[in-house]
Every structure is written in C-alpha cells, then in structure tokens.
Amino acid sequence: MSLILVLNSGSSSIKYELIDMAGPVTVAEGLVERIGEETSRVEHVAQGMSYLIERPLVDHRAGLAAMAEAFDATVPVDPAALTAVGHRVVHGGDRFSQPAVIDDEVLDAIRECIPLAPLHNPANLTGIEVALQAFPDCPHVAVFDTAFHQTMPPASYRYAIDREVAAAHRIRRYGFHGTSHAFVSRRAAEFLDIPLDTSRIITLHLGNGASACAIRNGASIDTSMGLTPLAGLVMGTRSGDIDPGALLHLLREGMSVEDVDSLLNKRSGMKGLTGDNDLRQVHAAAATGDAHAVEALEVYVHAIRHYVGAYLAELGGADALVFTAGVGENDAAVREAVCAGLAPLGIAIDAGKNASTRGPNEVVNLTARGAPVQVLVVPTNEELEIATQSLASVRSSAIE
Ligand code: AMP
C-alpha cells in the first residue's frame with residue numbers, strides 16, 4: 001500500500017486528500033478553512049463518514065492538528081504508514097521542471113520564487129514547514145503548477161521586452177494549472193488509445209481560474225497564462241488578456257497599484273462584466289434576457305476560441321481538444337459555443353453527446369461522426385496527479 005497525503009495550503013486554508021495509490025482510491029479528504037479567524041472549521045469526509053470541527057484555529061499548525069483529529073475520529077492513520085506528503089506549490093519559476101523532494105535547498109528555491117507569486121508561495125511554504133514538523137518521518141515532495149510548462153520554447157515563453165530588464169526581474173511566460181493539463185492530456189491519450197509521445201492535444205482548463213495549453217508529444221509548447229495566473233482566458237474574477245497600456249493608463253489616472261491589482265484579479269472577468277463569477281448564475285441571467293450576461297458569455301467564449309485557433313496553428317492541427325474543470329466538465333452551452341462553426345478546422349461535436357449526463361470521473365467523447373479532432377470531456381484530478389508525481393519522485397530519488 002502506498003499512502004500519499006496531498007496538501008494544498010492557501011493563506012487561510014488547507015485542502016487535503018489522503019490517497020491510497022494501490023487503487024488509486026481516496027481514503028479521506030477535507031478542507032480546513034478560515035484559519036486565523038473565530039469561525040475556523042474542518043470539513044472532513046472519510047469513506048462515507050462526514051466529520052465537522054468548528055472552533056477557532058489560530059494558525060496552520062493548529063489547522064493540521066485539527067485535520068489529524070478528524071482522521072483519528074474517522075479513519076485513524078498511523079503517520080508512519082505515509083509513503084510521502086505531496087505539496088502543491090504554485091510557482092517554481094524556471095528552476096523546477098519536475099517535482100522535487102523537499103530539502104533546505106528546495107525550500108530556499110521556493111522562497112526565491114515569492115516575488116513571482118506573492119499571494120501563493122508564502123502560504124504554500126507555511127503549509128510545507130508545518131507539515132514537515134507534523135510528519136517528520138516521510139519524504140515531502142513539492143509539485144509545481146508551473147513545472148509542466150517548462151518545455152515551452154522561447155518563441156512561446158519570451159516576452160518581447162528589453163532582455164536585461166526581463167532577466168533582472170525574471171519576466172517571462174511560466175504558465176500554471178500544469179498538473180491539470182498534464183493529467184487530462186495523459187488521460188485523453190489513454191482514452192483514445194493513441195501514443196501520447198506522438199500526439200497533438202489542446203487542453204482547456206475552464207474553472208474559476210482558466211487556462212488553455214498546446215501539448216505536442218506529451219510536452220507543453222504553449223499556454224495562455226503568463227508570468228502570473230492573470231493572463232489569457234476570461235476567468236471568474238480575473239480579466240485574462242488586456243492591453244498592458246490599460247494598466248499604465250489607470251495608474252496615470254490616479255489608481256494605486258493595489259487598486260489595479262484588485263481590479264484585475266478580483267473585480268474583473270465574469271464578475272466584472274456581470275456581477276457574478278459563477279457561470280451558472282451568468283447563464284441564468286442571460287436566460288432572462290440580461291444583456292450584460294449575454295455579452296459576457298460571448299466575451300468568455302471569444303477568448304477561448306482565440307486560443308483554440310492559435311494552438312491549432314502552432315500544433316499544425318490537433319488529435320484532441322479536451323474540456324476540463326468546473327465549466328469545461330459541466331457547461332454544455334459553453335462547449336457548444338466554443339466548437340460552433342469549427343468544422344472546417346476539424347472540430348465538430350454531437351449535440352446529443354454534449355448534452356448527455358456523465359458519471360463522476362467518466363471521460364466522454366463528444367465528437368460528431370467523421371470529425372477528425374476528438375473532442376473530449378476529461379474530469380481533472382489535480383490531487384491524484386500531485387500524488388502520482390510525488391510517488392514517482394520518491395521512488396526515483398530512492399533509486400538514485
Ligand atoms: P473549478 O474552479 O474547477 O472548481 O470551477 C468552478 C466554476 O465552475 C464555478 O465558478 C462555475 O462557474 C463553474 N461550474 C461548476 N459547475 C457548473 C455547472 N454545472 N454548469 C456551469 N458551470 C459550472
């Protein structure tokens with residue numbers, strides 16, 4: 001049995017999942033949230049049993065202790081039985097193209113990436129430091145959102161600005177959601193029974209955050225997010241692509257850096273256009289004739305089609321187009337709008353298959369009869385991918 005505990009630590013939350021890789025099967029999962037507030041809580045589910053803790057948890061250490069308490073009350077796990085703890089780390093800069101078994105050097109490298117991800121990396125580090133103390137006897141592995149995209153060529157990752165400024169500030173495209181793009185592209189190739197290493201796949205991770213990825217022979221060659229997870233597609237609350245001149249204009253007009261940051265990250269995207277970041281609400285508003293909602297959906301789909309077209313050009317066609325994450329997996333109307341009129345490019349979906357219901361974790365092929373690009377819905381599972389990469393990393397470092 002290989003037990004991997006996956007931890008995704010945010011500034012006030014810890015999402016966790018314990019996976020038995022022999023299945024693979026989820027043993028337990030949960031969320032510690034509102035750490036540092038009066039109303040902290042742990043929502044834990046283990047083999048059908050739910051367990052709730054509601055009491056103030058002052059810091060991440062108290063959060064992990066409460067998680068352990070929830071395990072003890074449901075499925076007690078001896079920490080000595082853990083094969084590894086896998087940590088999601090948002091930014092690995094250009095230093096990490098693979099997961100890394102955590103030691104002091106790796107911790108320093110994650111710390112050095114804080115300026116590139118000032119909101120995420122400090123929280124990820126806190127989670128790692130607390131977990132190293134809570135589980136001192138097993139290896140800990142850092143799995144980076146950026147790592148999968150380190151195979152991009154300079155044509156994709158280099159921004160056309162002064163080289164010295166770019167180098168001094170480490171400004172380039174890094175890309176994110178790497179674990180999801182890696183997971184769903186591999187699953188798609190398995191499902192279609194085509195060799196990943198001679199395939200061309202476009203993946204669309206459409207959740208609250210959203211990104212597209214062009215994958216040639218199993219390696220990312222381009223992705224829509226950039227230096228930060230703000231670029232590319234229109235998202236729940238993030239703008240996606242915008243002329244950088246607009247930022248300069250706002251700053252000159254007197255907005256502070258913090259205001260512009262909050263505008264683009266928290267008050268833009270579907271939220272900025274409609275007041276709601278959840279596509280279900282936006283569809284409901286559009287159905288009542290709300291003009292802003294109708295237009296917002298058009299803007300949302302336009303950005304996705306822009307990248308699908310770009311990546312078809314970069315890849316010279318595609319074997320598969322993959323929809324994943326909250327919107328990609330559930331929103332048939334968005335999938336239909338993204339694929340509409342693309343038959344000349346090889347993309348056409350079957351309306352009946354697109355509208356069909358799907359079991360959890362089930363891959364569905366939406367392709368219309370005779371269309372050459374296979375259009376799939378592939379449910380993502382970033383926790384399982386982190387666990388898989390952590391296990392592989394621990395095994396290969398044991399062999400070295
Ligand atoms: P994620 O970040 O992958 O959890 O995706 C969350 C987003 O997916 C939500 O904010 C919704 O916009 C969207 N979503 C989830 N379920 C549905 C659904 N059934 N139909 C349309 N959109 C959905």
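All ligand and atom numbering here is 1-based and tracks the order in the structure. Just the heavy atoms: all of them, side chains too, but no hydrogens, waters or symmetry mates, feed the values below. Just so we're clear, the structure is a prediction, and the values are computed from it rather than from any experiment.
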Query - Option whose closest heavy atom lies nearest to atom 16 (N) of ligand 1, chosen from Arg280, His177, His283 - result: Arg280
Requested in this report: Looking only at distances, please establish whether an N/O atom of ligand 1 is found under 3.5 Å from an N/O atom of His205.
Outcome: no
Query - ligand 1 atoms in contact with Leu279 (distance to a heavy atom under 4.0 Å) - result: 11 (C), 12 (O), 22 (N)
Requested in this report: Mark up the atoms of ligand 1 that fall under 4.0 Å of a heavy atom belonging to Ala325, in ascending order.
Outcome: 3 (O)
Query raised in the report: Where is the nearest protein heavy atom to atom 19 (N) of ligand 1: which residue, which atom, and how far?
Result: Asn330 CB, 3.3 Å
Query raised in the report: Aromatic rings Tyr51 and His44: how do their planes relate, parallel, tilted or perpendicular, breaks at 30° and 60°?
Result: perpendicular
Query - Atoms in ligand 1 with a heavy atom of Val327 nearer than 4.0 Å - result: 8 (O), 12 (O), 13 (C)
**Report entry** Taking atom 11 (C) of ligand 1 as the reference point, the nearest protein heavy atom with its distance
**Finding:** Asp278 OD1, 3.3 Å
Requested in this report: Indicate whether the side chain of Ser211 and that of His177 have a donor and an acceptor atom separated by less than 3.5 Å.
Outcome: yes
Query raised in the report: Would you say Gly326 has any N or O atom under 3.5 Å from an N or O of ligand 1, going by distance alone?
Result: yes
Query raised in the report: Judged by modelled atom types alone, do Asp94 and Gln150 share a side-chain donor-acceptor pair under 3.5 Å?
Result: no
Query raised in the report: Short check: is a protein heavy atom less than 4.0 Å from atom 4 (O) of ligand 1?
Result: no
Query - Residue list, salt bridge (Lys or Arg N to Asp or Glu O under 4.0 Å) with Arg88, at least two apart or on another chain - result: Asp145
Report task. List the closest protein heavy-atom neighbour of atom 6 (C) of ligand 1: residue, atom name, distance to the nearest 0.1 Å. Result -> Asn208 N, 3.8 Å
Anything under 3.5 Å between a donor and an acceptor, one on a side chain of residues 158-166, the other on a protein residue two or more places apart or in another chain? List them.
from: Tyr159; atom 1: OH; to: Leu227; atom 2: N; distance (Å): 3.1
from: Asp162; atom 1: OD1; to: Glu164; atom 2: N; distance (Å): 2.7
from: Asp162; atom 1: OD1; to: Val165; atom 2: N; distance (Å): 3.2

**Report entry** Within-cut-off N or O pair, Gly207 and ligand 1, under 3.5 Å
**Finding:** no
Query raised in the report: Numbering the atoms of ligand 1 from 1, which are under 4.0 Å from a heavy atom of Asp331?
Result: 21 (C)
Report task. Following the transitive rule for hydrophobic clusters with a side-chain heavy-atom cut-off under 4.5 Å over Ile, Leu, Val, Met, Phe, Trp and Tyr, establish whether Leu263 and Ile242 coincide in one cluster. Result -> yes
Query raised in the report: Relative to Tyr157, does Arg173 satisfy both conditions: NZ or CZ under 6.0 angstrom from the six-membered ring centre, and within 45 degrees of the ring's axis?
Result: no
Query - Lys NZ or Arg CZ of Arg172 over Tyr174 ring: under 6.0 Å, within 45° - result: yes
